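Single-structure report; data block below.
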Amino acid sequence: MIVEVNNLTKKFENLVAVDGINFSINEGEIFGLLGPNGAGKTTTLHMLATLIKPTDGNASVNGFDISKQSSKVRHSIGIVFQEPSSDDLLTGYENLKLHALMYGIPRDVALKRIDEVLELVDLTDRKNDQVKKYSGGMRRRLEIARGLLHEPKVLFLDEPTLGLDPQTREHIWTYVEKLVKEKKLTIIITTHYMDEADRLCDKIAIVDHGKIVVLDSPENLKKVLGGDIIRLRVENPNLDAVKKLNYVKQVDNLDGNISLTVSDANAHLQEILNLIGKVSSVEVHSPTLDDVFLHYTGREFREDDKQAEGGFWQRAMTMRARR
Amino acid sequence: MSELTGLYAIWEREFKIFLREKSRIITTIISPLMWLFIFGGGLGSSFSVGNFNYQLFLYPGVVVMSVLFSSIFYGSYVVWDKRLDFLKEVLVAPINRVTIFFGKVLGGVTDAVLQATIIMILAPLFGISFGLQFLLIYVFLFILIVGLVSIGLTIGSMMESPEGFGLIVSFVNFPLFFLSGALFPLNNLPEWLTVFTRLDPVTYGVDAIRSLMIGVSTFGLAFDFLVLIGFGLLMIGIGTFAFRRMKL
Ligand SMILES: Nc1ncnc2c1ncn2[C@@H]1O[C@H](COP(=O)(O)OP(=O)(O)OP(=O)(O)O)[C@@H](O)[C@H]1O
Ligand SMILES: [Mg+2]
């Protein structure tokens with residue numbers, strides 16, 4: 001187990017940001033922390049990265065205790081923060097050199113590795129531009145490259161694709177997959193995006209209000225629902241009748257947006273439509289992680305998600321105006 | 001060893017940014033010049049202090065003023081680093097926070113010393129010339145700046161927003177400046193004011209620099225030196241403590 005977390009807890013004044021979580025990660029795995037705003041994802045990463053001290057519990061990374069051996073932990077990890085964290089007055093190359101110096105990488109090794117990581121994230125031809133001239137996606141890639149420079153065993157990615165366009169997200173996913181394959185890295189990634197977690201992660205912990213609601217592989221999580229999802233919009237739905245049907249596993253109702261978990265939806269759709277009332281729209285799909293989230297928390301995931309969009313950009317813009 | 005390269009890394013970054021931000025250099029030079037030419041020239045045409053033309057008397061005070069303002073203002077860059085996650089990138093590196101603090105101090109000292117140098121190059125314009133004692137001037141400026149930069153960094157480490165920093169700093173800068181004797185001689189002041197001027201560490205910096213530049217001193221160089229060393233060490237102590245405790 002390259003990462004082990006026992007009862008890790010963080011309290012801020014009277015708010016419990018992380019509430020006694022437990023998990024462990026095997027070497028070479030991609031582990032996802034999935035949850036809405038304020039779930040405690042970033043706080044968890046910061047504790048594992050020794051940036052803040054846990055209120056209770058403990059954890060080890062690469063065999064080192066995060067409280068007692070913080071320097072060794074720091075050498076073992078790379079981290080890409082949620083907000084932009086490169087100096088935009090320096091060039092991409094200078095940011096990497098600064099990092100290499102801070103991590104005590106010998107000069108000749110550093111120069112070689114800087115070229116390597118720049119190549120990996122396709123930034124070689126822009127390396128001498130100031131970071132303020134980079135796009136959001138380029139900046140993200142630079143920060144991923146920087147996180148890899150000292151060859152960490154574990155890489156933390158805090159919302160690496162937040163606020164980026166779909167094409168750039170796809171790019172970054174490809175890099176992440178390449179890294180795990182080529183460098184045998186272990187990765188912890190936090191995300192708002194269900195499709196991101198689904199595509200990349202070997203294991204996913206869904207977190208809400210500082211607690212892990214459920215932890216499993218994406219396939220198993222979706223299997224738990226045991227069937228297909230039917231989403232309907234209905235005025236005055238007759239839910240009692242539907243609940244009596246033995247092939248209906250779960251019924252969630254959010255203001256007339258009904259979500260049904262049904263084994264073999266195609267065979268039973270007509271009967272459900274007959275029973276439930278005046279249907280204005282209907283959609284059938286195999287379960288996604290959105291459905292899993294709804295299943296476990298009784299809440300729709302995406303509502304919380306909206307405000308987070310563009311956070312990266314806003315920060316990037318304030319940053320440009322500084323000094 | 002790696003702490004030393006860490007120290008160098010932090011300093012080098014600050015220095016590169018200083019060189020890249022021409023506006024920062026220019027504004028910190030313009031304002032002392034306005035003091036010298038407008039305030040000094042204006043008052044100098046009707047006042048003199050002892051045997052000295054007022055502008056001449058003011059000159060050492062303005063040199064100290066420029067390092068005072070730029071040293072303390074330097075702390076605001078910590079707040080900017082905090083606003084982004086750049087500070088986290090530095091804090092998560094395997095180097096000691098004390099090293100980070102000293103790297104920043106060196107960065108601030110470099111900025112302020114270079115600015116003071118630019119103003120001192122203009123000394124002949126005001127009829128001041130100094131020979132080898134400019135080395136001593138640098139020694140005193142260095143000690144004073146270390147203390148002042150540490151104040152700036154301490155405030156920066158505690159503030160969340162640049163606005164908050166600016167507010168606190170204006171409450172710190174102006175008493176330090178006006179009580180320092182940069183603008184007027186300290187000999188004939190009312191008693192209550194005398195007490196406050198003696199409590200201001202910058203007073204001893206102005207006294208030393210003035211003594212080295214035009215040969216007038218109230219306390220004597222040895223005493224100035226001891227007070228400034230004490231001030232510098234105390235502020236370094238407070239600064240390292242503040243950096244250790246700095247929250248993200
Ligand atoms: N320094 C702090 N002081 C007080 N409260 C904090 C602090 N940092 C985080 N919190 C609170 O802790 C909770 C968890 O925050 P955290 O940043 O870990 O969430 P998150 O899951 O990363 O959310 P997001 O998706 O928005 O990044 C939130 O309610 C937040 O307001
Ligand atoms: Mg977060």
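Predicted model, so just to flag it, every value in this text is computed and none were measured. Numbered from 1 within each chain, the chains take letters A, B, ... in sequence-line order.
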Working for side-chain contact (heavy atoms from CB on, under 4.5 Å), residues A:F81 and B:V92: CA-CA 11 Å; A:F81 294 101; B:V92 83; 4.1 Å; yes

B:R13 side chain to A:L98 backbone, donor-acceptor under 3.5 Å: no

Enclosure of B:F142 CZ (heavy-atom neighbours >12, cutoff 6.0 Å): no

Candidate pair B:E89 and A:D87, rule side-chain contact (heavy atoms from CB on, under 4.5 Å), full reasoning: CA-CA 10 Å; B:E89 150 74 3; A:D87 189 321; over 6 Å; no

Side chain proximity check, A:L101 to B:E12, heavy atoms < 4.5 angstrom: yes

Interatomic spacing from OG1 in B:T5 to CZ in A:R107 - rounded to 0.5 Å: 13.0 Å

Heavy atoms from other residues, nucleotides or ligands near NZ of A:K153 exceed 12 (cutoff 6.0 Å): no

Rounded distance [0.5 Å steps], CE in A:M102 versus OG1 in B:T99: 12.0 Å

Side chain, backbone, both or neither of A:I79 within contact of chain B (heavy atoms, under 4.5 Å): side chain

Side-chain (B:D85) to main-chain (A:E83) donor-acceptor, under 3.5 angstrom: yes

Nearest non-hydrogen partners of A:T91 and B:R20, listed with the distance: N-NH1, 4.0 Å

Heavy-atom contact with chain A under 4.5 Å, split by part of B:K88: both

Chain B contact via A:H150 - side chain, backbone, both or neither, heavy atoms under 4.5 Å: neither

